[in-house]
Structure formats: C-alpha cells, structure tokens
Amino acid sequence: MQFTHEHREIQKTLKRFIDEEINPHVDEWEAAEIFPAHEVFKKMGNLGLLGLTKPEAFGGAGLDYSYSVAMAEALGHIDCGGIPMAIGVQTDMCTPALARFGSDELRREFLAPAIAGDMVGCIGVSEPGAGSDVAGIKSTARKDGDDYVISGQKMWITNSLQADWMCMLVNTGDGPIHKNKSLIVVPMRENGKLRKGIEVGKKIRKIGMHSSDTGLIYFDEVRVPQRNLIGKEGAGFVYQMQQFQEERLWCAASTLQSLNNCIQWTIDYAHERKLFGASLADQQWVQFKLAELKTEVEALRALTYQACEHYVAGEDVTEWATMAKLKAGRLNRTVPDTCLQFWGGMGFTYENKVSRMYRDGRLASIGGGADEVMMGILSKIMGIAKKPSA
C-alpha cells in the first residue's frame, strides 16, 4: 500500500488539528477522566475527518479504507491513547455496519450526524459475562407492535457516557447463537437526557485511557422502532464480525506512530542521560534493544499495510487483520515497557509520556478481542483447531 499526496494531506490536516485543538488539553482531560467528545467531534466533522470512507450521500468522502488507515496512523500524534480510541469508535467501530447495511432513513437519522460531528456514537457488544465471547451476549430485543423492547446491559462501552446513540448487538430470537443476533441503533438520549429505561450503572475507572469515558449501561424495557434494525434480523453476528475487521485494522494502524514516538522519546532521553562517564545512548544494550523494537514496529506496519491492501481489494482479511491486531497488542506492551525501563525513575513518574503509554497501551491486548481470542481465530483458520458448530 502506497500513501498518495491525498493520504499525506489528510494526515497533515489531522496533525495540525491535533497540535492546535487536542494536545494542549490532553493533561486536563486526562485528569478529568473525560474529554468533550461533542466539541472535539464537531470540529473534526467540520474538517471532513469523520466520514472518510462513508457514502457521499450522507456527508462522507467515499474514499477507500486506506484513508482510514492513514487517519488512524496520524491519530498516534495525540499525547494519550484515550482520545484516539474514542475517535476510532466513531469512525471505524460503531458506524461501518450502519453505513453498509442501514436503510437510507436510518443513515440520514444517525450516520449523517455522526459524520458531521453532531452526534456521538458508541458500539454496544461487550457485557459483564461476554467480552471477547461475542456469541455469549444475553441482551434481548423482543417485538411489540412496531417496536423492539430491549433489556440487558452493556459493559466497557467507550463514549457511552456522552453518546447520543448505540449500535447495539442483541438477541432477537432463540435460534443458533450465530444466527439469532441483530444490530440495532438505540437512541440513548432525548433533549440531552438519558431516555426512559436507560441507566448508567457506573463510570468505569481504568488504569489507563483516562480521557476516554467508559460505562456500564443498563437497558430496562427500552422501546426502539423496528425500523432501527441494521440490515436483516438475525444477521447481526455476521455484521459485527465484519465490523471487527475494520476495528482490528484500525487498532493496528493507530499504534504505529505512537510506538515510534515512544522509541524516539527514549532515544532523545538516552542521549541526554549521563551515567558511568557516558550517555545512556552509548550503552550497547540500549542501542540494540531500541533497534530491535524499531524493526518490530516496521514489521507491524508492513503487515497492517498488506492487510489494508487486501481489504481495499475486496478480500476477506480476517486472518490478516487478526494477525495485525495480535502483533499490535503485543508491541503496545513490550515497547513502552522496555522504554520505561531505560527512563529509570523518571519512567515511573505519572506525568511521563512513556508511562502514560505504558498504561494506555495495555488495553490493546484486551479490547477488540483479547490476544488469546486472536490466536484462537488464527488456529481455526490454519486448521489447527476445530471450528465450532453453529
């Protein structure tokens, strides 16, 4: 995959926006454990950054997925992990199925405002008893007249404390677990307040990703028009697996710049830090280890770009995206951990950017499918493990 002039210009625009509108406020938003999503998203919507791959008829740019990869990579310039993740939820996690399978009416009502930055979306898949095991969700939607009546709970939901709507995976039947689920757009608020039957169980405090709001959300007999169904009833599991391809590619791409930043910060510090009559950078172990980490990051870049190229060509990239996600999760642990060690006591201070990345990066091996789930998927594709029956 080769970045064109257009790819680079989008990255330049986004980096300029980050430098002017996001990074000056990151410390404040991290301390507050939330950032003003509506304000930030509206500014991004005005720049045309929230719908690069979405249909032009609904305000998008109609570009191929390589532009999402370019944007995700540029988000690595943000001095924390929480805000890029929140943006990624809006652009590549809660909207792909809606854009691809939603009715025109549904897309006008929810997709267009999300692209414009007038609405904040979230993706409701995980539950207290079903995280990476998507097939194990318990939330239900039963029909009553022209409505679905939804009950259940969703946990670990990014953007949910500010979201205007949720792309929610629910059980709409009693059939086989891979064929009884549907994706439904659930409006979360009316006049700025949570709708009847929707309750924030709690704001979840995390060891990292502090500026990203994460909630446990309860749904008690929440009425939603049946026209809010995305695509076909019972096809939700398949749609969500397709959304995961984009989510996992986005996850891998979003780590590239931040990992390189972490290495470069450490190189700069190593030249300044004096010990035993020389600089830290003069120590061969430091030199070799940072060289090895840089090589690992560039290998991830090649894998991610290759996966994107196949995806743009219309191929199923479950294997490629899964490998990229797995590798990104591992590097988000090993790179900050190794770099933090080289910073010594300075690396163990809260304000240090490497220590923040150490905290934030740990999620990459859990969110969007844990490492073990990624390896399980790959084992099945490779024919090592048996595929489960429907």
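In this structure, Tyr67 has its ring center no closer than 6.0 Å to that of Phe3.
Side-chain contact, Asn261 with Gln257: a donor N or O sits under 3.5 Å from an acceptor N or O. Under the 3.5 Å distance criterion, with hydrogens and angles disregarded, a donor-acceptor pair is assigned to the side chains of Gln240 and Gln243. A side-chain donor-acceptor contact under 3.5 Å links Asp268 and Gln264. Side-chain contact check for Thr140 and Asn171: no donor-acceptor pair (N or O, by modelled atom type) lies under 3.5 Å. Residues Ser103 and Glu105 have side chains that never bring a donor and an acceptor to within less than 3.5 angstrom of each other.
Glu30 contributes atom CD, which lies 7.5 Å from atom CG of Asp27 (distance to the nearest 0.5 angstrom). Considering CG of Leu169 and CZ of Phe237, their distance stands at 8.5 Å, rounded to 0.5 Å. Atom CD in Glu233 sits 7.5 Å away from atom CD in Gln226 (nearest 0.5 Å). Atom NE2 of His271 sits about 8.5 Å away from atom CG of Asp282, to the nearest 0.5 Å. Interatomic distance, Lys181 NZ to Ser139 OG, rounded to the nearest 0.5 Å: 10.5 Å.
Other residues, nucleotides and ligands contribute only 12 or fewer heavy atoms inside 6.0 Å of the NZ atom of Lys196. In the displayed structure, Lys193 atom NZ is contacted under 6.0 Å by at most 12 heavy atoms of other residues, nucleotides or ligands. Within 6.0 Å of CD in Glu21 there are more than 12 heavy atoms belonging to other residues, nucleotides or ligands. Heavy atoms of other residues, nucleotides or ligands lying less than 6.0 angstrom from CZ of Phe41 number more than 12.
Through side-chain heavy atoms spaced under 4.5 Å, either directly or across other Ile, Leu, Val, Met, Phe, Trp or Tyr residues, Met168 is tied to Tyr148, Ile150, Ile157, Leu161, Met166, Val170, Ile184, Val186, Met188, Leu194, Ile198, Val200, Ile217, Phe219, Val222, Val224, Leu229. By the 4.5 Å side-chain criterion applied to Ile, Leu, Val, Met, Phe, Trp and Tyr, Tyr218 is assigned to a cluster that also includes Met155, Trp156, Ile204, Leu216.
In this structure, Arg107 forms no cation-pi arrangement with Phe101, as its terminal cationic atom is not both closer than 6.0 Å to the ring centre and no more than 45° off the ring axis. Taking the ring axis of Tyr269 as reference, the NZ or CZ atom of Arg273 does not stay both within 45° of it and closer than 6.0 Å to the ring centre.
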Going by atom type alone, with no hydrogens or angles, which donor-acceptor pairs under 3.5 Å involve a side-chain atom of residues 286-293 and a protein atom two or more places apart or on another chain?
from   : atom 1 : to     : atom 2 : distance (Å)
Gln287 : NE2    : Ala281 : O      : 2.9
Lys289 : NZ     : Glu292 : OE1    : 3.2

Donor-acceptor contacts under 3.5 Å from residues 77-84 side chains, at least two apart:
none

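Classification of Asp19 and Lys15 as a salt-bridged pair holds, one side-chain N sitting under 4.0 Å from a carboxylate O. Between Glu20 and Arg16 no salt bridge is recorded (no basic side-chain N to carboxylate O distance below 4.0 Å). Comment: Glu296 engages Lys327 in a salt bridge, judged by a side-chain N to carboxylate O separation of less than 4.0 angstrom. Using a 4.0 Å cut-off between charged side-chain N and carboxylate O, Arg227 and Glu109 make a salt bridge. At a threshold of 4.0 Å, the pair Asp371-Arg333 counts as salt-bridged, since one of the basic side-chain nitrogens sits closer than that to a carboxylate oxygen. Under 4.0 Å is where a charged nitrogen must lie from a carboxylate oxygen, and between Arg142 and Glu221 at least one such pair does.
Side-chain contact between Trp343 and Trp265: present, with at least one pair of heavy atoms (C-beta onward) separated by less than 4.5 Å. In this structure, Val120 and Gln90 have side chains that are in contact, with non-hydrogen atoms separated by less than 4.5 Å. Counting heavy atoms from C-beta outward, Met357 and Ser258 have side chains that approach closer than 4.5 Å. Side-chain contact check for Val40 versus His25: every heavy-atom pair is 4.5 Å or farther apart. Side-chain contact check for Ile87 versus Leu49: every heavy-atom pair is 4.5 Å or farther apart. Using a 4.5 Å heavy-atom cutoff, the side chains of Tyr311 and Glu246 are in contact. Put simply, the side chain of Pro36 reaches to within 4.5 Å of the side chain of Trp29, judged on heavy atoms. Side chains of Arg362 and Met209 form no contact here, defined as non-hydrogen atoms less than 4.5 Å apart.
Val238 is not connected to Met93 by any chain of hydrophobic side-chain contacts under 4.5 Å among Ile, Leu, Val, Met, Phe, Trp and Tyr, and they are in different clusters. Hydrophobic cluster membership differs between Ile34 and Val89, with clusters built from Ile, Leu, Val, Met, Phe, Trp and Tyr side chains linked at under 4.5 angstrom. Tracing side-chain contacts under 4.5 Å through hydrophobic residues (I, L, V, M, F, W, Y), one reaches Leu47 starting from Ile115; they form part of the same cluster. Under a hydrophobic-cluster definition in which Ile, Leu, Val, Met, Phe, Trp and Tyr are linked whenever side-chain heavy atoms come within less than 4.5 Å, directly or via other members, Leu363 and Leu256 are assigned to different clusters.
Put simply, the side chain of Thr322 never gets that close to the backbone of Leu378: no donor and acceptor are under 3.5 Å apart. Gln11 places a side-chain N or O within donor-acceptor distance of the main-chain N or O of Ala70, the cut-off being under 3.5 Å. In terms of modelled atom types and a separation under 3.5 Å, the side chain of Tyr239 and the main chain of Lys232 share a donor-acceptor contact. Remark: side-chain polar atoms of Thr338 are not paired, donor with acceptor, to backbone N or O of Val335 under 3.5 angstrom. Side-chain N or O atoms of Gln162 include one that pairs as donor or acceptor with a backbone N or O of Phe35 at under 3.5 Å. In this structure a side-chain-to-backbone donor-acceptor pair under 3.5 Å is missing from Arg189 to Trp165.
Closest non-hydrogen pair, Ala328 versus Ala364, comes out as O-CB, 4.5 Å. Contact detail for Leu50 and Gly117: the closest heavy-atom pair is CD1-CA, 3.8 Å. Between Ser66 and His7, the closest heavy-atom pair is OG-NE2, 2.8 Å. Among all heavy-atom pairs drawn from Ser279 and Lys274, the shortest one is CB-NZ, 4.0 Å. Nearest heavy-atom pair across Met85 and Trp250 is CA-CH2, 3.8 Å.
Applying the salt bridge (charged side-chain N to carboxylate O under 4.0 Å, His left out) criterion to Arg301, with sequence neighbours excluded, gives Glu73, Glu298.
By the 30° and 60° cut-offs, the orientation of the rings of His210 relative to Tyr350 is parallel.
Residue pairs meeting the salt bridge (Lys or Arg N to Asp or Glu O under 4.0 Å) criterion with at least one member in residues 146-171, sequence neighbours excluded, are Glu127-Lys154, Asp147-Arg223.
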